[in-house]
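A note on names: the letters A, B, ... follow the listed sequences, proteins ahead of strands, and every chain is numbered from 1. Computed from heavy atoms alone, side chains included, the values below leave out hydrogens, waters and symmetry copies.
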Protein chains: 2
Amino acid sequence: MTEPAAARRPRADAARNRERILEVANEAFREGGLEVSVAEIARRAGVGSGTLFRNFPTKTDLIHAIVEMHMNQWLDVIEKSLAAEEVGPAFEAFFERAVLFNYLDRGMLEAVKGGMLNDDADLNACKCEALASTAKLIERAQAAGVLRQDLNADDIYALAAGVAESAHAAVREGLADPKDAHMRYMGVMLAGLRPVG
Amino acid sequence: MTEPAAARRPRADAARNRERILEVANEAFREGGLEVSVAEIARRAGVGSGTLFRNFPTKTDLIHAIVEMHMNQWLDVIEKSLAAEEVGPAFEAFFERAVLFNYLDRGMLEAVKGGMLNDDADLNACKCEALASTAKLIERAQAAGVLRQDLNADDIYALAAGVAESAHAAVREGLADPKDAHMRYMGVMLAGLRPVG
DNA sequence: CCATAACCGGAGCGTTCACTCCGTTTGTTG
DNA sequence: CAACAAACGGAGTGAACGCTCCGGTTATGG
């Protein structure tokens, strides 16, 4: 009986390289979108492309790893929002963070728009968990009378992505400072989200 | 004294090919975005790539021609909206068309997001004319008390693009039928656009 | 300190893209 | 209808991309 999946700890330099690649790729995708080349990432990380592909056999694998990282961070955000006391401000703060999440990271935005969360089993699990938790948050807000009844968790994310896109447009046209452009249309959208009547 | 820019009328088949290329490219970019290859467009138009490049020396030139076409159509829409009688419904109908305009054409959306309207003098002129006319429409709506005061023409287009993006997200998640997805968040946005108080 | 396996870098491969070049075909004109 | 310029099409070019391969290097356990 050999040990089939012993998976001994990797060499120290290898582990360091893997972390550095993830770090650099995250930054590169955030600023330049997913079309940043693998060679460029390897160069910035100070490794050869061979090393990169040993850790992530395809570019898609690398992207998936980073997206999963972000999804886990996002799950934390949702949990913290669920723990908040006042329902109304909690929902508004949550929505702001959702817009910011979509606004700050070009790569993540492109990954979600490309349907990447449905391609991978792990990512899909994250997505489902996020949607379930978000649904709770939304139901509370609706029960408290601070959110329209005709919207579900998917709608909220779709709208957040839209506001982020509007913010990008505002930056492009010189209407807003990139630092706080995500807030430019927050007032409009929050007004639209309140119950009618 | 020779005639330096006589520009004699092109051959009949050449004119036909040029029109067919524009037609096919328009459809291809609308459905597939700007990354559709030039070879693919030539194939669908039933011409060689040489013929395509003789009419449009670069891919960018072809895109510019199509974008200009759409901008002229859009200028007509604005003029018609300005001619309408009732200010409130006119503005809402205009905003719906703006969302639809961004929703229906992937290529156009990408071109605008890529800042293409600023790269070319003709396109920039169209853009400026559109913004000026739209500003009139907006000022009337604001004067009639049906639109927030803190938004200008650029803002309205940024918001319309955002709603279109949200609609695409809704289609992706299976929330809406592609045929009328652009209407899914219209109620939310129009509520947000009304003056506060 | 040495043997060895794990790890490294980057040259090279196959593909795709925008774009060019040129021998052939075709519409036009007198 | 003939002769010519205009237009055609598609093979070919160079650059960029994701990815593979392998001879050299280095961390690590005994």
Side-chain angles (χ1 to χ4, degrees), chain A residues 2-25 28-29 32-67 106-107 110-111 114 116 119-120, chain B residues 2-25 28-29 32-67 106-107 110-111 114 116 119-120:
Chain A
T2 64
E3 297 159 52
R8 82 167 69 174
R9 160 161 58 90
R11 248 165 64 172
D13 56 344
R16 226 182 311 126
N17 278 335
R18 186 189 166 89
E19 282 314 299
R20 176 136 185 76
I21 288 168
L22 275 172
E23 203 175 309
V24 165
F29 289 145
L34 300 182
E35 84 278 9
V36 175
S37 76
V38 175
E40 169 72 13
I41 291 169
R43 200 185 56 72
R44 286 203 222 172
V47 303
S49 61
T51 298
L52 197 155
F53 280 111
R54 205 173 317 106
N55 282 280
F56 306 97
T58 71
K59 185 177 185 180
T60 304
D61 290 329
L62 173 60
I63 295 172
H64 278 181
I66 291 175
V67 170
R106 283 185 55 182
E110 288 175 18
M116 207 155 269
D119 293 347
D120 178 274
Chain B
T2 64
E3 297 159 50
R8 82 168 68 172
R9 162 160 57 91
R11 246 166 65 172
D13 55 344
R16 228 181 309 128
N17 278 336
R18 188 189 165 91
E19 283 313 301
R20 175 134 186 77
I21 288 167
L22 276 172
E23 202 176 309
V24 164
F29 289 145
L34 301 181
E35 83 279 6
V36 174
S37 76
V38 175
E40 169 72 13
I41 292 169
R43 199 185 54 73
R44 287 202 220 172
V47 304
S49 59
T51 298
L52 197 155
F53 281 110
R54 204 172 318 107
N55 281 281
F56 307 97
T58 69
K59 185 177 185 177
T60 304
D61 290 329
L62 173 58
I63 296 172
H64 279 182
I66 290 174
V67 169
R106 284 184 55 182
E110 289 175 18
M116 207 155 267
D119 293 347
D120 179 273

Spacing of [X] atom [atom1] relative to [N] atom [atom2], expressed in whole Å:
| X | N | atom1 | atom2 | value |
| --- | --- | --- | --- | --- |
| A:Phe56 | D:dC19 | CZ | C1' | 16 Å |
| A:Arg43 | D:dA16 | CZ | P | 14 Å |
| B:Arg20 | D:dC8 | CZ | C1' | 16 Å |
| A:Asp13 | C:dA5 | CG | P | 17 Å |
| A:Phe53 | C:dC13 | CZ | P | 17 Å |
| A:Leu52 | C:dC7 | CG | P | 15 Å |
| A:Arg16 | C:dA6 | CZ | P | 18 Å |
| A:Arg54 | C:dA5 | CZ | P | 17 Å |

Counting only side-chain heavy atoms from C-beta out, which of [options] sits nearest to [X]?
| X | options | value |
| --- | --- | --- |
| B:Ser37 | C:dC7, C:dA18, D:dC8 | C:dA18 |
| A:Thr51 | C:dC8, C:dC17, D:dT28 | C:dC8 |
| B:Arg11 | D:dG9, D:dG18, C:dT26 | C:dT26 |
| A:Val47 | C:dG9, C:dA18, D:dA27 | C:dG9 |
| B:Asn17 | C:dC8, D:dC8, D:dG18 | D:dC8 |
| A:Thr58 | C:dA18, D:dC19, D:dC8 | D:dC19 |

Run the salt-bridge test on A:Arg106 and A:Glu35 with the 4.0 Å N-O cut-off and return the result as yes or no.
yes

Quick test of your reading of the model: are B:Glu19 and B:Arg16 salt-bridged, counting only N-O distances below 4.0 Å?
no

Along DNA chain C (nearest heavy atom to each residue), the more 5'-positioned of B:Leu34 and B:Ala12
B:Leu34

So which heavy atom on B:Met116 is nearest to which on B:Ile63, and how close?
SD-CG2, 3.4 Å

Closest non-hydrogen contact found for A:Arg44 with A:Val24 is CB-CG1, 3.6 Å

Are side-chain heavy atoms of B:Asp61 and B:Thr58 found at a separation under 4.5 Å?
yes

Classify the nucleic acid contact of B:Ser49 as base, sugar-phosphate or nothing, counting any heavy atom under 4.0 Å across all strands shown.
base

